[in-house]
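Okay, so here's the structure we're looking at.
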Number of protein chains: 2
Amino acid sequence: MTLDERKRQILESIVKDYVETAEPVGSRAVVKKYALNISSATVRNEMADLEDMGYLEQPHTSSGRIPSERGFRYYVDYIMEKQQLSNEEIEMLDQLVDDNEHELSQFIGRIGYFLSQVTNYASFVVVPSVKFEEFRTIQLIPLEKEKALILLVTDTGMIIHRKIDVPPSVDEEDLEHIGRIFNQVFKNKKISGINRSDLKYLRESLKLKRKIVDRALEEIDDLLKNTNDEKLLVSGTLNILNEPEFKDLDKLRRILRLLEASDAFKDIIPSNLSEEVDITIGHENKLEDIKDLSLVYAGYKSYGEPGAIGLLGPVRMEYWKAAGTVEAVCRAIEKRMKLKKK
Amino acid sequence: MTLDERKRQILESIVKDYVETAEPVGSRAVVKKYALNISSATVRNEMADLEDMGYLEQPHTSSGRIPSERGFRYYVDYIMEKQQLSNEEIEMLDQLVDDNEHELSQFIGRIGYFLSQVTNYASFVVVPSVKFEEFRTIQLIPLEKEKALILLVTDTGMIIHRKIDVPPSVDEEDLEHIGRIFNQVFKNKKISGINRSDLKYLRESLKLKRKIVDRALEEIDDLLKNTNDEKLLVSGTLNILNEPEFKDLDKLRRILRLLEASDAFKDIIPSNLSEEVDITIGHENKLEDIKDLSLVYAGYKSYGEPGAIGLLGPVRMEYWKAAGTVEAVCRAIEKRMKLKKK
DNA sequence: GTTAGCACTCTCGCCAGACGAGTGCTAATG
DNA sequence: CATTAGCACTCGTCTGGCGAGAGTGCTAAC
């Protein structure tokens with residue numbers, strides 16, 4: 001598994017050059033561009049060795065070499081150093097973290113956008129369902145005739161709402177009264193802390209309005225269930241248009257479709273998420289459609305729930321830049337989480 | 001300007017065939033496919049005439065003809081009949097209209113999605129800023145330490161909110177008190193109806209907390225300003241990948257970029273919106289980037305404010321289907337608006 | 001072990017020729 | 001006089017061959 005220093009240098013040169021140009025790299029190019037003190041013939045010998053070992057491959061007998069997926073894997077594991085963000089980029093990121101006005105999920109969305117902008121790949125973010133702790137307030141707000149809005153605010157500042165029908169027998173004043181009682185019961189309660197006696201109390205205080213109370217409870221239950229699913233945000237999908245490997249329209253279409261259908265997309269994200277940057281290359285991915293794409297991703301925690309953030313690009317990807325940026329972005333999310341807590 | 005019956009039939013045949021196959025149409029094909037009782041030679045003569053008049057053009061001297069933009073224009077103006085929705089489609093649309101749970105803007109979003117699904121073109125919807133009439137409620141909800149949520153609900157069921165900082169001198173009880181007073185002043189008031197004396201009353205009732213009151217007012221003002229911009233929703237952008245005219249990657253990229261950047265996109269929508277379906281073909285569009293696309297669109301009213309909805313496709317577009325669907329969808333929106341009002 | 005040199009391979013772009021779809025024109029027809 | 005059959009002609013596309021160029025592998029010399 002270990003390569004001598006020169007082979008590593010040559011492999012690195014080929015990776016860098018191929019990522020940049022998307023063309024097979026010849027022995028002369030390696031010597032010239034990276035100013036090694038050896039002749040092209042030597043490089044040729046080494047390249048032949050590297051090919052035997054499976055790190056390089058030749059599209060045709062008489063062309064230069066390109067790194068195989070295994071070659072990229074070796075590069076990523078043993079040679080690559082993550083590239084730090086530029087000062088400018090660091091500043092942009094800091095600004096995102098400091099802007100405290102927006103909700104966490106919005107912040108994470110912006111982080112995703114940042115990621116795709118800086119790297120020129122498609123980014124994805126899995127925002128975990130916010131398992132909030134307590135209700136902060138619950139309200140019933142009359143709208144047009146026979147309609148009202150159920151509105152919940154959680155301690156995390158998330159707002160959940162739904163419009164419901166109100167029986168004609170319940171007038172605005174009733175609604176207000178019911179809302180007050182609801183709020184009394186739920187306010188600052190943990191979700192798990194709502195017990196039978198609370199519900200009983202609720203029903204008894206409002207027994208004349210049993211119908212509307214039950215309806216509201218039902219809706220609240222439903223709302224809590226439905227807001228529980230994690231969200232997937234994707235941005236920068238059009239970046240893949242720039243990659244020459246996707247000049248094939250059919251391939252392109254498949255990938256863009258995939259990126260648009262978040263359901264399918266979720267399957268591609270590996271489940272063993274650590275907080276370290278992880279990389280899967282080409283056929284290491286399980287899903288057929290992305291066998292010629294690579295993922296660079298990492299996990300993070302949002303209120304204790306695991307989320308994921310990462311990049312999707314061609315196998316011929318600037319892994320150093322991608323990994324560096326994903327790492328920086330993860331640290332930024334952590335920083336933000338701490339900021340929130342204090 | 002008027003063509004005799006036979007020329008119109010031939011033009012129509014060529015349009016239909018070309019839209020279907022994206023290939024130049026030959027004289028024989030016209031006769032065969034559309035079972036006209038004339039020979040191909042006659043058709044050739046007629047086609048030559050139509051070309052002289054500018055309704056057809058020949059990509060190369062020895063190929064069939066394709067409709068020119070002028071030809072499409074003639075077809076759309078004088079020949080086309082809008083194709084009605086299928087029963088199945090009508091049912092889907094009715095279901096959308098009847099589902100009363102969601103907010104109007106969400107409904108319109110779904111309508112846009114429906115439009116793109118049914119026609120296989122990219123759809124756009126301009127949702128006008130909802131100039132709501134009255135505040136239904138206004139609340140201040142304490143969150144973590146020194147943070148609170150300003151929450152407005154309008155009579156249209158729209159919810160606007162923002163997190164603000166609270167000076168440490170203001171505790172939770174104060175906040176609740178302030179919220180109540182705010183609500184008292186604003187509740188069921190028209191925006192325009194909030195006058196100096198209201199504000200004066202507000203300030204005086206809470207003069208000890210002047211700082212937080214001013215801050216809140218400022219934020220409310222800002223919120224109202226910022227939620228005032230109309231939204232643009234685009235869906236089905238990937239449908240254009242199916243059109244053979246966009247196999248040119250560069251063209252494709254430009255268009256997809258355009259569709260993603262809503263700012264630029266707004267410019268393409270003509271401003272003289274009637275409630276009739278309108279069509280602009282190719283170079284009739286002002287914006288350079290869509291000179292080889294066509295628009296099929298119509299205006300509608302949402303709470304009296306003008307919005308727009310339409311389709312974007314290649315010049316070689318199924319105008320009959322597109323126009324029929326846009327029309328149906330507009331009627332659906334109208335229907336929904338009436339439903340709301342009663 | 002490294003390097004210079006050389007024959008060899010394979011791709012790519014270019015060109016010529018065959019093919020075929022479709023036209024325009026002419027002359028014949030009702 | 002409109003319509004039609006027939007035919008020569010045009011032009012795009014497909015195919016195969018050819019030369020140039022890039023890059024290799026191998027051999028022999030250092």
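Small disclaimer: the values here were computed from a predicted structure and weren't measured. Chain letters run A, B, ... following the sequence lines, proteins first, then strands; residues in each count from 1.
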*Using salt bridge (charged side-chain N to carboxylate O under 4.0 Å, His left out) as the criterion, list what pairs up with B:E51, not counting sequence neighbours.*
B:R65
*Taking any atom under 4.0 angstrom from a heavy atom of chain B, which nucleotides of DNA chain C are the first and last to qualify, 5' to 3'?*
C:dA21 to C:dG24
*Any pair with a residue in residues 312-324 of chain A that passes salt bridge (charged side-chain N to carboxylate O under 4.0 Å, His left out), sequence neighbours left out, goes on the list, sorted by first then second residue, please.*
A:E89-A:K321, A:E243-A:R316, A:E245-A:R316
*asked:* So that I know where these two stand, are A:F72 and A:Y319 an aromatic pair - ring centroids less than 6.0 Å apart?
replied: yes
*Does OP1 or OP2 of D:dT4 have a side-chain N or O of B:R28 closer than 4.0 Å?*
no
*By side-chain hydrogen bond (donor to acceptor under 3.5 Å, both in side chains), which residues pair with A:Y121, not counting sequence neighbours?*
none
*Check salt bridge (charged side-chain N to carboxylate O under 4.0 Å, His left out) between A:D4 and all other residues, then give those that pass, not counting sequence neighbours.*
A:K7
Distance-only check: which donor-acceptor pairs under 3.5 Å involve side-chain atoms of residues 18-31 of chain B, not counting sequence neighbours?
| residue | atom | partner | partner atom | Å |
| --- | --- | --- | --- | --- |
| B:T21 | OG1 | B:D17 | O | 3.0 |
| B:T21 | OG1 | B:E23 | N | 3.2 |
| B:S27 | OG | B:R44 | NH1 | 3.3 |

*Check side-chain hydrogen bond (donor to acceptor under 3.5 Å, both in side chains) between A:T237 and all other residues, then give those that pass, not counting sequence neighbours.*
none
*Let me know the distance between NZ of B:K7 and P of D:dT3, rounded to the nearest Å.*
9 Å
*Roughly, in whole Å, what's the span from CD in B:E57 to C1' in D:dC11?*
17 Å
*Using a cut-off of strictly less than 4.0 Å between a heavy atom of the residue and any atom of DNA chain D, enumerate the qualifying residues of residues 38-47 of chain B by number.*
B:I38, B:S39, B:A41, B:T42, B:R44, B:N45
_Phosphate contact (D:dC11 OP1 or OP2) by B:T61 side-chain N/O below 4.0 Å_ = yes
_Pairing residues for B:D77 by the side-chain hydrogen bond (donor to acceptor under 3.5 Å, both in side chains) criterion, not counting sequence neighbours_ = B:R73
